[in-house]
Amino acid sequence: MEYGNIFLFHGSNMIVSNPKILTNGHYKDFGYGFYCTRIEKQARGWAITKKNSHIVNVYSYEPNDSLNILHFEKMTDEWLTFVVDCRMGVEHTYDIVEGPMADDTIWDYIEDYVQGMITKEAFWELVKFKYPTHQIVFCTENALHTLKFERSYSV
């Protein structure tokens with residue numbers, strides 16, 4: 001992973017100057033935590049789905065190699081297994097997990113795969129033409145220390 005001036009974006013309905021790890025609600029791709037993306041357009045899309053206000057929060061990110069980080073470059077069999085486990089509530093011990101996002105369409109394909117309605121090969125055929133996505137989740141307090149709030153703006 002390349003280090004330097006890395007900016008991450010978080011779509012919300014409020015300014016989030018002090019991120020917190022959320023451990024409630026439905027299970028997500030990489031488990032509970034604070035989710036961001038490198039793709040500003042994606043964060044704007046997240047913000048638009050929120051009620052009342054639509055805010056994009058911007059953070060600088062300084063990676064810390066002493067943290068336990070899992071990074072998926074692309075969707076792989078290992079990524080698929082990890083996402084299925086996390087969405088089923090299986091906990092992990094990573095500080096940070098980064099990789100592609102299983103949006104609603106991809107999650108429908110994952111559910112079809114889990115239920116045996118499609119093969120793994122069919123799953124990969126269905127998802128290979130999707131647009132690129134990115135997410136990074138900060139799962140521990142130590143991980144949150146790598147983020148610095150820079151600014152926010154309304155969409």
Side-chain angles (χ1 to χ4, degrees), residues 1-76 78-80 82-111 123 126-155:
M1 171 175 241
E2 224 175 87
Y3 296 167
N5 283 337
I6 300 172
F7 289 98
L8 299 175
F9 306 92
H10 173 80
S12 183
N13 63 350
M14 66 181 78
I15 296 172
V16 183
S17 56
N18 294 305
K20 297 196 180 348
I21 296 164
L22 301 180
T23 57
N24 57 15
H26 64 278
Y27 295 115
K28 297 184 177 171
D29 291 355
F30 297 156
Y32 290 132
F34 182 73
Y35 279 78
C36 294
T37 180
R38 284 180 287 155
I39 304 170
E40 189 171 3
K41 179 179 178 182
Q42 184 177 303
R44 287 194 307 267
W46 290 346
I48 294 291
T49 67
K50 307 300 181 188
K51 292 182 182 178
N52 302 322
S53 298
H54 315 292
I55 307 290
V56 173
N57 296 279
V58 183
Y59 306 89
S60 54
Y61 169 52
E62 186 63 41
N64 178 342
D65 290 333
S66 71
L67 296 176
N68 188 13
I69 299 172
L70 178 60
H71 180 79
F72 295 101
E73 278 295 322
K74 59 185 181 177
M75 293 180 187
T76 61
E78 293 78 16
W79 171 89
L80 178 59
F82 191 82
V83 169
V84 168
D85 285 350
C86 288
R87 289 276 186 132
M88 294 176 70
V90 176
E91 293 186 19
H92 61 77
T93 58
Y94 294 100
D95 295 299
I96 296 173
V97 181
E98 180 176 14
M101 182 178 84
D103 65 9
D104 290 341
T105 301
I106 292 174
W107 181 245
D108 288 343
Y109 299 149
I110 290 172
E111 286 184 328
F123 169 83
L126 288 166
V127 302
K128 75 179 180 181
F129 297 111
K130 293 295 292 177
Y131 54 88
T133 60
H134 172 266
Q135 61 187 345
I136 180 169
V137 61
F138 298 83
C139 307
T140 63
E141 290 299 320
N142 283 340
L144 287 178
H145 294 308
T146 64
L147 290 177
K148 179 184 172 206
F149 179 75
E150 296 292 338
R151 66 187 178 282
S152 64
Y153 63 89
S154 295
V155 180

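- Y94 places no side-chain N or O within donor-acceptor distance of the main-chain N or O of F30, the cut-off being under 3.5 Å.
- The shortest distance between side-chain heavy atoms of H71 and E73 falls below 4.5 Å.
- The closest side-chain heavy-atom distance from C86 to Y27 is not below 4.5 Å.
- Each ring pair (Phe, Tyr, Trp, His ring centres under 6.0 Å) pair with one or both residues in residues 5-25, not counting sequence neighbours, appears once here: H10-F34.
- Counting only heavy atoms from C-beta outward, the side chains of I15 and F149 approach each other to under 4.5 Å.
- A distance of 4.0 Å separates CD in E98 from CD1 in I136, rounded to the nearest 0.5 Å.
- Checked against side-chain contact (heavy atoms from CB on, under 4.5 Å), A143 has the following partners two or more places apart in sequence or in another chain: L67, D95, I96, F138, T140.
- Of all the heavy atoms in T133 and M101, the pair that sits closest is OG1-N, 2.8 Å.
- Contact annotation: the side chain of S12 approaches that of N57 to within less than 4.5 Å [non-hydrogen atoms, C-beta and beyond].
- Atoms CG and CZ, from L70 and F82 in turn, are 5.0 Å apart once rounded to the nearest 0.5 Å.
- Looking at C36 and Y59, their side chains come closer than 4.5 Å, going by heavy atoms from C-beta outward.
- Side-chain contact check for T37 and Q135: no donor-acceptor pair (N or O, by modelled atom type) lies under 3.5 Å.
- Put simply, the side chain of N13 never gets that close to the backbone of S53: no donor and acceptor are under 3.5 Å apart.
- To the nearest 0.5 Å, the span separating CH2 on W46 from CD1 on I39 amounts to 8.5 Å.
- For the pair H54 (side chain) and A47 (backbone), a donor-acceptor distance under 3.5 Å is present.
- Expressed to the nearest 0.5 Å, how far CD1 of I110 lies from CZ of R87 amounts to 6.5 Å.
- E150 contributes atom CD, which lies 12.0 Å from atom OG of S17 (distance to the nearest 0.5 angstrom).
- Here E62 contributes atom CD and I6 contributes atom CD1; the two are 7.5 Å apart, rounded to the nearest 0.5 Å.
- For the pair E141 and I21, the minimum side-chain heavy-atom distance is below 4.5 Å.
- At a threshold of 4.5 Å between non-hydrogen side-chain atoms, the residues T76 and K74 count as touching.
- For the pair L80 and M75, the minimum side-chain heavy-atom distance is 4.5 Å or more.
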